[in-house]
Visitor: 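Here it is, the structure in full.
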Amino acid sequence: QVQLVESGGGLVQAGGSLRLSCAASGGTLSRYAMGWFRQAPGKEREFVVRIAWSGGPRYYADFVNGRFTISRDNRKNTVYLQMNSLKPEDTAVYYCAAGTRGGTDIAGYNYWGQGTQVTVSS
């Protein structure tokens with residue numbers, strides 16, 4: 001059973017940066033595609049970015065617009081999300097997820113972290 005723990009969230013001013021981490025235990029992440037999703041208050045959880053198990057193909061949601069970068073270090077069993085030029089509308093709980101199918105849909109992921117809060121002030 002893979003367990004995921006996110007960290008790195010916090011309060012930042014608009015235009016600032018944060019780096020989220022997602023550390024895995026109980027299994028190796030190298031077997032899984034990884035994704036980041038987010039959920040703002042009163043809204044559904046939405047796809048942000050995903051990366052293939054090999055660290056190769058990456059796919060970003062349109063709203064990212066070059067501001068975020070996903071990476072993974074399979075030796076450390078960790079996935080990262082570097083977020084730059086943050087906007088108030090990026091405020092949400094950010095979740096990492098691991099899945100055998102991956103993709104942009106929640107259903108493609110088998111394991112989820114508990115989430116980390118990101119708050120961007122204007």
Visitor: Arg38 and side-chain hydrogen bond (donor to acceptor under 3.5 Å, both in side chains): which partner among Asp90, Thr116, Thr91?
Guide: Asp90

Visitor: Please examine the side chains of Thr28 and Asn74, heavy atoms only from C-beta on, and report whether any two atoms are closer than 4.5 Å.
Guide: no

Visitor: Quick one: does Asn77's side chain have a donor or acceptor within less than 3.5 Å of a partner on Leu29's backbone?
Guide: yes

Visitor: Given side chains that start at C-beta, do those of Leu20 and Met83 come closer than 4.5 Å, heavy atoms only?
Guide: yes

Visitor: Quick one: does Asp73's side chain get under 4.5 Å of Tyr80's, heavy atoms only?
Guide: yes

Visitor: Starting from Tyr59, can I reach Val79 by hopping between I/L/V/M/F/W/Y residues whose side chains sit under 4.5 Å apart?
Guide: no

Visitor: For the residue pair Leu11 and Ser121, what are the closest heavy atoms and their distance?
Guide: CD1-CB, 4.3 Å

Visitor: May I ask you to test the Gln114-Val5 pair for a side-chain heavy-atom distance under 4.5 Å?
Guide: yes

Visitor: Can you get from Ile70 to Tyr95 by hopping between Ile, Leu, Val, Met, Phe, Trp and Tyr side chains that sit under 4.5 Å apart?
Guide: no

Visitor: Please tell me if the side chains of Thr100 and Trp53 come closer than 4.5 Å, counting only heavy atoms from C-beta onward.
Guide: no

Visitor: If I compare all heavy atoms of Phe68 with all of Leu81, which pair ends up nearest, and what's the gap?
Guide: CB-CD1, 4.0 Å

Visitor: Checking side-chain contact (heavy atoms from CB on, under 4.5 Å) for the pair Val48/Phe63: CA distance, chi angles, key distance, verdict?
Guide: CA-CA 8 Å; Val48 178; Phe63 65 78; 4.0 Å; yes

Visitor: Quick check on the 6.0 Å ring-centre criterion: do Tyr109 and Tyr32 meet it?
Guide: no

Visitor: Grouping I, L, V, M, F, W and Y whenever their side-chain heavy atoms are under 4.5 Å apart, do Val93 and Val118 come out in a common cluster?
Guide: no

Visitor: Search all heavy atoms of Arg67 against all heavy atoms of Ser85 and return the closest pair with its distance.
Guide: NH1-O, 3.1 Å

Visitor: About how many Å separate CD of Gln1 and OG of Ser25, when rounded to the nearest 0.5 Å?
Guide: 10.0 Å

Visitor: Tell me, yes or no, whether the heavy-atom count around Arg58 atom CZ, taken from other residues, nucleotides or ligands under 6.0 Å, exceeds 12.
Guide: yes

Visitor: Donor-acceptor check, side chain of Arg101 to backbone of Ala107, threshold 3.5 angstrom: yes or no?
Guide: yes

Visitor: How far apart are the C-alpha atoms of Thr119 and Gln117, what are their side-chain angles, what is the distance that settles it, and do they pass the side chain to side chain donor-acceptor pair (under 3.5 Å) test?
Guide: CA-CA 6 Å; Thr119 303; Gln117 177 71 46; 3.3 Å; yes

Visitor: Determine whether Val120 and Pro88 make a side-chain contact, defined as any pair of heavy atoms from C-beta on separated by less than 4.5 Å.
Guide: yes

Visitor: Determine, for Trp112 and Arg45, whether the Lys NZ or Arg CZ falls below 6.0 Å from the six-membered ring centre while staying within 45 degrees of the axis.
Guide: yes

Visitor: What pair of heavy atoms forms the shortest contact from Gly115 to Glu6, and how long is it?
Guide: N-OE1, 2.8 Å

Visitor: Consider only side-chain heavy atoms of I, L, V, M, F, W and Y, link residues closer than 4.5 Å, and tell whether Tyr94 and Val64 are in one cluster.
Guide: yes

Visitor: Which pair of non-hydrogen atoms, one from Val12 and one from Leu86, has the smallest distance, and what is that distance?
Guide: CG1-CD1, 3.6 Å

Visitor: Let me confirm one number: the CG-CG distance from Asn84 to Leu18, rounded to the nearest 0.5 Å.
Guide: 9.5 Å

Visitor: Closest heavy-atom contact between Ala24 and Val2?
Guide: CB-CG1, 4.3 Å

Visitor: With a 6.0 Å cut-off on the ring centroids, do Phe37 and Phe47 count as close?
Guide: yes

Visitor: Is any side-chain heavy atom of Gln39 closer than 4.5 Å to a side-chain heavy atom of Glu46?
Guide: no

Visitor: Measure the shortest side-chain to side-chain distance between Cys22 and Arg72 over non-hydrogen atoms and say whether it is less than 4.5 angstrom.
Guide: no

